Novice: 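Okay, here's the structure, questions in a sec.
Residue numbers start from 1 in every chain, and the chains themselves are labelled A, B, ... in the order their sequence lines are given, proteins ahead of strands. Treat the numbers as computed from the prediction; the structure is a model and nothing was measured.
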Amino acid sequence: MPPVRSISTVDRLDKPSSYASSKKRRRRGDRDRDDDRREPSPDSEEKLKDATTLYVGNLSFYTTEEQIHELFSKCGEIKRLVMGLDRFQKTPCGFCFVEYYTHQDALDCMKYIGGTKLDERIIRTDLDEGFAEGRQYGRGKSGGQVRDEYRTEYDPGRGGYGRAINDDYYDERDYH
Amino acid sequence: MDTDVKQEDREDGRDRGRNRGGNSRKRRYEADDDDNQGRRGPPPTQRRRNDEPPRRRYEEPPVSKIRRLLLNIASSTNLPQDEATYLAQYLSEHYDDEDARAQFFNLLPSLLIEQPFKIPFAAAVAFYANDVKPDITAEAIKCVGAHAQDALNTGEWREFKLLLRFLACLQSLYQDDGIFGFLRQLFEETVVDLQSAKENDVIGIELVKIILLTIPYALVSGGSRFHGQAKDLLGNTQIVAENMVPIEGLIATYATDSEDKSFAYHSVIGLLQQQLMNEANAGWRFACIPRFDANVLKNVNDEESLPNAPPTYTFPTFVVPSPVNPGAKPIFPEAFFSLFADTESETVPRKADIACSLLRDAIVDTIDQLDFNREAAAKFLIDIDCYWSLETFAKRSIAFDKFRDDPVNKGLFKSEDMIVDGIFSLLFKLPNPDHKLVYYHSLITQCCKQAPAAIAPSLGRAIRFIYKHIDIMDLELANRFLDWFSHHLSNFEFRWRWTEWTEYLSMSDLEPHKAFILSALDKEIRLSFAKRIRSTVPNDYHYIVPESLEEGNDPEFKYADSSTPFAAEGQTLLTQFRKKAPDEEIQATIDKIHGQAAEQGIADVLVPSTDVFMTVICRVGSKSLSHFLSCIERGKNRLISIAQSSDAARRQILTSVVEYWKDHPGTGVNIVNKLLNYGILGPMTVIQWVLGDQLGNGTILAKGWVYEMVATTVVKVTKRNRQIASTRLQKGLPQDQVKTVDTALAEGRDSAREMFKYINDALAGVTQGAVDGLQTDPTLSQEDGELIRAWGKRWQTVFLRMAQVEESVIGVDAVETRLKILAVEDEVASQPKHDGNGVEAVANGGAIMA
């Protein structure tokens, strides 16, 4: 019972992103009026309440496990690290899953590492319900991440140009 | 998101603290410069409406308006006093709106706790409300008082302090002595009891700190009629504040025998006591605390039907639990640390000035309370000049030489220096700050992002100062600095003016400044890659990052060289392991090694075979950590049986790993850590390997990775012990588990003691010059010998401290004290409460891990 923790005066950075709920919301076509009161669907909240795994995105294809380990172990000991791979070539395709031993370490990682740089790129972190076999592969047609298929800007760290534009972000997370 | 955390580069936003009040009242609440959107929020088109400034012809509902006004108080160019009076009036007009009222009283305590800079302004709202709607003031005092009592019950000392500060800011509204009566009682009853009951009591110290930090706010509000009481209180606290407890000898930032007085140890509380006594002599000015005109609303509404004299209140009654709940986090005395205090340029308050403690206290609380949103924390820090009296800070982001040379700035402080000073004081807090160190890293990064032109130069001066004195800095802190420095640079293209430090390159690798450079570059490479780092340093440094380190160059496999003993077997085993050959085949190769070794007269034949086996695992697993781990999985059983059958072979596992990864020591350290997790190695093996087998003449103590290996191993042990202790202190631990846990705790405690003793003995050998070669090695110059002893001394301090800290957390006495408190709580919880429904126990959680 921390006495006064009922409401925060500023947002928390260790909340799951709106990835799952935003999709639903977009489909519904209306937005909740107050973000503070917006809760992820009970389902996803339940799944993430003890989450120890993070999805890490926007990595360079060249970033190694050792580099990831070096940075992410600043938030706690890492239990498992799964690199995201191109489905066909089995080479890194710019994302990974980092699993900690404790939920608190994962939350701290959201707060302290998400949005900072690794290998000179701003990386993004998101709480994840846990790695399952198959999810390490990109879901794009070419084998990589969907976002890289359609990217118009040149990104030397992620294989150069994409092809067309699509705002759908890291769909591979739906891959179970 | 309710805070403006946008890139703070607008010229007009730079100086809001000092130019406020210039706007006409008419514009005031329509000004759109209090943009409420956060960067992390959705893109502009999706911004939520509630917290945006009201649009024309849209009347903002009171609930959201109250929220906006309260949370953003004192954050804009408006006069805070106008904002406070406006909010007080607005609230009084909507006091019948239940939702609006609830909004205010729900938010108020959160605001006080999360945004301590705003406490005086929130108190001003309650103060002005007393002139228009005293119910608000009464409810505010009651509500904050209740939360403060909760904090007192649970030992949440920081929250208690902040809530009490709000109450102190209303001192002029209380009957009789107001808060001074309570402070006196807190000292005379609680502190005196605690201190007399236990030698080296630390809770009493914490309470005295709270008392001392409350006095200034109470005096600013209460005025001169309380000067006498404040002075009496100070007379009482002196003896506690100036006393030193033993552990303080181990928490100094700099080596205490250093000759330079500016590095002398000061406790936070001792300094505070001294500053308040100075302030008493100067007539209690407290110049930095913001002031409010008490009569604003009285004058405005003179003709209206206001009551003649606004009501006064009795100060809330607090019950200090007995025994006092020490709180979930272990408490230690605090060392004061400043990079800039008492330097010639006076960019921050002098150590004798009470502003030093008042500002620092609010800064570190802001930082630590907002760890869940570093963007907001950085924003409040950068806006610090909004929250103190106008004559506190110089113009934002003023250049250092301009600040120093322009007499206008006399007596003012440079806000960026204060921010940097405050963050580093936490990064360098011993034994540990509240949050993981990486939080403070990311906060510094965030400040640099939000106000690059302002923060970067201050940070540069900080780095130079710390580096300059790195040789006398506590070794744990020097390593924190190392870790921060490399991580920080990795966020800013690895830009640093290395040419400034070129002179150190010619020194011995044992020289602490040189050693720092070597370790820093290694850490940079770990976060990036050698070729990249090589491109960021001048040519003089290239020999530290040789081309051989660059990617694609696998570490050398020594058995590839046929002159290496057992080369043929090494290559055979490599092929077998790669092909996942059956265990019998691998055993055959190993038997072959054993046979040859025995012929050569090698006493422990397991040593050469283990070297081959482990080196092969390193080789096959060298592609990535995952590859290594899967190799370990395959070799695990064999390694465990090796480790169990021979001491020498067990340590050979370590030797092989470290030797294979000698050019990438970080990978070696990491792998050793995994071997501990797999239970292949025990912590004591690692310690003995480093400080026994490998110690030699002590040269290795200068290497960053060696410290890292020992420190992470020790922390692994202490962390586990703390987990066991916190299991023991769980509420309602079933009786049948108590014994098991107690046994585990006793064992853990004993092995930790044994480990610390081993470390201390080994290091004592170095400091006393007794280890092999320190005195006899002809290649070791006298200077190097001195340097090695100095390293030994710094190492020793770190692990002595860790040992004492652990004793104070998981020692027999410490655990028993907490068990007693737990028992009392259980008793309280089992008694029915007055209202009948009461199993609502005071949750202490028993968790002693922060």
Side-chain angles (χ1 to χ4, degrees), chain A residues 1-15 17-18 22 25-26 31-38 62-83 92 101-102 104-105 107-120 122, chain B residues 1-3 38 40-42 46 48-50 64 71 106-107 109-115 147 150-151 154 156 159 163 370-376 435-439 441-442 445 483 487 490-494 523 526-529 532 624-626 664 666-667 670 673 677 716 840 842-843:
Chain A
M1 184 201 64
V4 218
R5 276 300 142 78
S6 47
I7 30 170
S8 282
T9 61
V10 294
D11 275 357
R12 301 189 62 95
L13 299 185
D14 54 6
K15 290 269 181 266
S17 82
S18 50
S22 71
R25 210 169 330 125
R26 228 178 291 140
R31 286 181 43 79
D32 292 346
R33 285 182 57 87
D34 189 338
D35 270 8
D36 280 346
R37 291 183 198 161
R38 186 201 74 212
Y62 305 101
T63 298
T64 64
E65 282 184 40
E66 281 68 20
Q67 284 172 282
I68 296 167
H69 199 281
E70 181 73 18
L71 179 65
F72 281 79
S73 60
K74 292 183 195 297
C75 269
E77 200 164 325
I78 293 169
K79 190 172 175 188
R80 185 164 58 156
L81 204 168
V82 181
M83 293 297 277
Y101 284 93
T102 70
Q104 188 58 50
D105 289 347
L107 292 179
D108 286 346
C109 187
M110 291 287 289
K111 292 184 286 184
Y112 311 149
I113 290 184
T116 67
K117 282 186 183 177
L118 175 60
D119 224 353
E120 303 180 57
I122 303 262
Chain B
M1 170 112 32
D2 301 288
T3 52
R40 202 168 183 269
Q46 294 178 10
R48 59 195 245 253
R49 304 239 164 98
N50 269 357
S64 63
L71 294 188
N106 282 336
L107 267 184
S110 299
L111 180 74
L112 306 178
I113 283 168
E114 292 178 350
Q115 304 187 30
H147 282 284
D150 284 346
T154 49
E156 291 281 353
E159 298 190 357
L163 294 162
L370 282 174
D371 83 292
F372 58 86
N373 187 333
R374 61 179 194 266
E375 295 164 356
H435 302 291
K436 289 175 179 145
L437 296 166
V438 64
Y439 167 52
H441 299 188
S442 70
T445 303
D483 205 40
H487 184 202
S490 80
N491 271 280
F492 294 93
E493 290 92 45
F494 296 101
K523 288 221 157 209
R526 291 197 222 167
L527 284 166
S528 181
F529 50 101
R532 169 69 178 131
S624 76
L625 199 60
S626 302
H664 300 271
T667 307
N670 208 349
N673 196 27
N677 289 351
K716 203 179 270 287
E840 195 195 356
V842 176

Novice: Please classify the contact between B:D371 and chain A as side chain, backbone, both or neither, with a heavy-atom cut-off of under 4.5 Å.
Specialist: both
Novice: If I measure from the heavy atoms of chain A, does B:F494 come under 4.5 Å with its side chain, its backbone, both, or neither?
Specialist: side chain
Novice: Are the side chain of B:R374 and the backbone of A:K111 linked by a donor-acceptor contact shorter than 3.5 Å?
Specialist: yes
Novice: Non-hydrogen atoms of chain B under 4.5 Å away: do they reach the side chain of A:L71, the backbone, both or neither?
Specialist: both
Novice: Got a donor-acceptor contact below 3.5 angstrom from the B:S110 side chain to the A:I7 backbone?
Specialist: yes
Novice: Select one option (side chain, backbone, both, neither) describing which atoms of B:L437 are under 4.5 Å from chain A's heavy atoms.
Specialist: neither
Novice: Which region of A:I68, side chain (C-beta onward) or backbone (N, CA, C, O), has a non-hydrogen atom less than 4.5 Å from a non-hydrogen atom of chain B, or is it both or neither?
Specialist: neither
Novice: Which answer fits B:H664, side chain, backbone, both or neither, if we ask what part of it has an atom under 4.5 Å from a heavy atom of chain A?
Specialist: neither
Novice: Taking the side chain as every heavy atom from C-beta outward, state whether B:T154 and B:E159 have any atom pair closer than 4.5 Å.
Specialist: no
Novice: Any donor and acceptor pair, going by atom type alone, linking the side chain of A:E66 with main-chain N or O of B:L625 inside 3.5 Å?
Specialist: yes
Novice: Please name all residues satisfying ring pair (Phe, Tyr, Trp, His ring centres under 6.0 Å) with A:F72, sequence neighbours left out, ordered by chain then number.
Specialist: none
Novice: Using heavy-atom distances under 4.5 Å, tell me whether B:S624 contacts chain A through its side chain, its backbone, both, or neither.
Specialist: both
Novice: I'd like to check the side chain to side chain donor-acceptor pair (under 3.5 Å) partners of B:K436; sequence neighbours left out, ordered by chain and number.
Specialist: A:D105, A:D108
